[in-house]
2 protein chains.
Amino acid sequence: MVQDILKKNQLSVTESRLKILDLFLTAQGALAHADIEKKTGESFDRVTIYRTLQTFVEKGIIHHIPTTDNSVLYALCKEECEAGHHHDNHVHFVCDQCSKTICLEEVTVPQVKLPKGFNPRQAEMVVHGVCDDCK
Amino acid sequence: MVQDILKKNQLSVTESRLKILDLFLTAQGALAHADIEKKTGESFDRVTIYRTLQTFVEKGIIHHIPTTDNSVLYALCKEECEAGHHHDNHVHFVCDQCSKTICLEEVTVPQVKLPKGFNPRQAEMVVHGVCDDCK
DNA sequence: AGTAAATTTGCAATGCTGTTGCAAAGAAGG
DNA sequence: CCTTCTTTGCAACAGCATTGCAAATTTACT
């Protein structure tokens, strides 16, 4: 239940948090601030949404998704994520048709051989194409 | 010569374009708008720089670099790039130390096996770590 | 070289995205 | 039910990027 997730993370149960968390639970794919603003029917202040997202990230409920088009997206974390320590080494897929962004949990970012001198620490991969629904 | 590149692309030869193009030719690594603003010593208006970058991208002289931190970076295109059609399937490297972004022309983005239904069209990869200079 | 036409530049204004301070409203805990 | 602590909404602000328009510059032509 949505309430329990908030309580488990020591967060006050408020209308905005319930609603926004619910959106993430039912959404397939990642959400941007603007998506949430739209889907909540503008019942919450922009600032509240920003702060809620920030809080959720800090608690490890959602995480920040790498994009290459300079948008800011969030998605639910898997169980392995904890407050302050996110695991997110999977490939992300962006559909050119419906422009949804989806976490491909089962596809891990491949290793690449870098030129001499370059020391990799973390790699991110974003694949663009057509998703399952749009094909 | 810098002038010739402009003329080849049917662009008027102006001071700002010469200077900015020159910056790209001599820079190692990608440039952001702010870098250019700094390196030109604020002799051009911010707007002019924006418009120049836009024009260069349209002509295929520079291209937009994928980043995962929501910054906007540009780098020179290789010969294969043409107006409106960029080739940019190499890996990009971001140094955590000096925070330079470098095109690893010789490292191509590896293919990944996607779940059923997903149809890849283009993939981008950004590797973070420590670069040759900073190691 | 000189001039008209077309392009580019700089300024001002505007929009979008995200942040901060603060008082009022709401949740938690007894 | 009441006190305390947290969260919300508003207003203001900051940074980055875009647009309209008049002035300046470049190009092309004579």
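Numbered from 1 within each chain, the chains take letters A, B, ... in sequence-line order. Everything quoted here is computed from the prediction, not taken from an experiment. Hydrogens, waters and symmetry mates play no part in the numbers below; they use all other heavy atoms, side chains included.
Going from atom CG of A/Leu6 over to atom C1' of C/dA27 covers 12 Å, rounded to whole Å. Rounded to whole Å, the distance from CG on A/Asn70 to C1' on C/dG18 is 14 Å. Atom P of nucleotide D/dT8 and atom CD1 of A/Ile36 are separated by 13 Å, given to the nearest angstrom. Between A/Asp45 atom CG and C/dT17 atom P the separation is 15 Å, expressed in whole Å. Atom CG of A/Asn9 and atom P of C/dA28 are 14 Å apart (whole Å). B/Lys59 has its NZ atom 11 Å from the P atom of C/dT7, to the nearest Å. Here D/dC16 presents its P atom at 15 Å from NE2 of B/His64, a figure rounded to the nearest Å. As rounded to whole Å, 13 Å separates atom C1' of D/dC16 from atom CG of B/Leu53.
Considering A/Leu6, A/Thr52, A/Leu21 in turn, A/Leu6 is the only one that fulfils the side chain to side chain contact (heavy atoms under 4.5 Å, CB included) rule with A/Leu11.
Between the side chains of B/His128 and B/Thr68, at least one donor-acceptor pair of N or O atoms lies under 3.5 Å.
Without hydrogens or angle criteria, A/Asn119 side chain to B/Lys135 main chain gives no donor-acceptor distance under 3.5 Å. A distance-only check finds a donor-acceptor pair linking the side chain of B/Thr55 to the backbone of B/Arg51 [under 3.5 Å].
Taking the six-membered ring for Trp and thresholds of 30 and 60 degrees, B/His63 and B/His92 have ring planes inclined between 30 and 60 degrees apart.
Note on A/Val91: it does not cluster hydrophobically with A/Val94, by side-chain heavy-atom contacts below 4.5 Å among ILVMFWY residues.
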Let me have a per-nucleotide readout for nucleotides 17-30 of chain D, 5' to 3', with B, S or -, counting only protein heavy atoms under 4.0 Å. BBBB-----SS---

